[in-house]
Amino acid sequence: MEKGGAPVGMMPNGSPRILISAGEPSGDLHGAELIEALRRRLPGAVIEAIGGPRMEAAGAMLRFRMEDLSAIGFAEVVARIPAHWRLWRALKQDFAAGRYDLVIPIDYAGFHLRVARSARSAGTKVLYYIAPKLWAWGAGRARRLRDAVDRLAVILPFEAAFFGGLGIPAEYVGHPLLDQDPWPSRAQSRALLGIGAEERVLGIFPGSRSQEIDRHWPLFRQVALRMLEEGRCSRAVVAGTPAGNYPDPGPLEIATGEPSRVFAAVDAALAKSGTTTLEAAIADVPMVVVYLTNGWTYRLAVRLMTVHWISLVNLVAEHEVVPEFWHPPVRPEAVAEALRPLLAPTDPAARTQREGLAEVRRRLGTGGASKRVAGIAGDLLNQ
């Protein structure tokens, strides 16, 4: 379709119009980094977004805010269906009108797979950044993804070969965590948190979203109190969020702000599964990983999962580096037993895990993910 001598999506000066879509806070962060890289690669591009405050601050025009989209777990997603449906219908109209030259969905597979298919069927190029985890939930959905994208930009080393084997053009761009600002040193972090150089410190990472925190906090608190009572550590610091609810913390210290300060300061960690485990690996922090779900979500996950582990650290290493607890019942005693040796730096278990974390860091490679994704975007736009 033409408008003023240029395609509807393309601006009159030949600059492309791009939609970047994020459905949760991590996508908002990665989207903001990508917007900055696109500004350098395609300075005339018009960038619109479904996202949050970080993408807006990076210079995107927000057409929709993501706050009503974010959810975790199969059961929780059901409550978000009406908001997803309304937004999807609006986007389908945009795609049919040729509003965009390129759509870049970031993660958030359930909603974004529908968006990607609608965009591509309307003739819009699609670059999917942070691919759906088909390697975890089965390759049977590969045809849907293959029909929905022109290119995949993947952030885990094993994904390029996996998706390539399914006939989906995929490129490993590196993990966006490697592009974040350098973390403070151990001495700096301990000074900021008021921790002495010789104190042994346990880090607690129950998650960033209220559903995760509410689900993990009782068990994490119980295990941390046990470590303090046994003298395994002298401090327990929680990487908290301003909106998080941490009832009856007792001697546990809630540190809001950048989690990097806590990672850099602690000797070992109790962490929920997810990107947190890669952050700990990058910081060389031995950890025990826990992930708790409701019963319905767990039963469905067990039926669908095709991988042996839930933590990204173990998946990247392709063998067990960190102990995982997610099969119910997850008992505090078992978690505590796995955590004790990690709080003693000279313990063989701590040394062995650190060797595994070093292997994970080698496999992740170097930074530059956003720059590489912007380069792929330019290739798809022939610019």
Please give me the minimum heavy-atom distance between Arg363 and Val316, naming the atom from each residue. NH1-O, 3.0 Å

Mind telling me whether Phe263 and Trp183 have parallel, tilted or perpendicular rings, with 30° and 60° as the class edges? parallel

Do Trp217 and Val238 have side chains that approach each other closer than 4.5 Å (heavy atoms only, starting at C-beta)? yes

Ignoring hydrogens and geometry beyond distance, is a side-chain donor-acceptor pair present between Ser273 and Trp326 at under 3.5 Å? no

I'd like to know whether His216 forms a side chain to side chain donor-acceptor pair (under 3.5 Å) with Gln211, so could you lay out the CA-CA distance, the side-chain angles of the two residues, the decisive distance to 0.1 Å, and finally the verdict. CA-CA 9 Å; His216 291 115; Gln211 293 165 315; over 6 Å; no

Judged by atom type as modelled, is there a donor-acceptor pair below 3.5 Å linking the side chain of Asp28 to the main-chain atoms of Gly52? yes

For the residue pair Leu342 and Met287, establish whether any side-chain heavy-atom pair is separated by less than 4.5 Å. no

Is it true that Arg209 and Glu212 make a salt bridge, defined as a side-chain N closer than 4.0 Å to a carboxylate O? yes

Side-chain donor or acceptor of Asp101 paired with backbone N/O of Arg17 under 3.5 Å: yes

Beyond-backbone contact of Arg117 with His112, side-chain heavy atoms, under 4.5 angstrom: no

Tell me if a side-chain donor or acceptor on Arg41 pairs with a main-chain N or O of Lys371 at a distance below 3.5 Å. no

Step-by-step side chain to side chain donor-acceptor pair (under 3.5 Å) determination, Glu324 to Tyr291: CA-CA 8 Å; Glu324 300 180 351; Tyr291 197 74; over 6 Å; no

Looking only at heavy atoms, which two atoms of Leu102 and Ala377 are closest? And how far apart? CD2-CB, 3.6 Å

So, does Arg151 use its side chain to make a donor-acceptor pair with the main chain of Val126 at under 3.5 Å? no

When every non-hydrogen atom of Tyr172 is compared with those of Leu364, the smallest separation belongs to OH-O, 2.6 Å

Pick one: which of Leu91, Val115, Ile20, Ile106 meets side chain to side chain contact (heavy atoms under 4.5 Å, CB included) with Ile50? Leu91

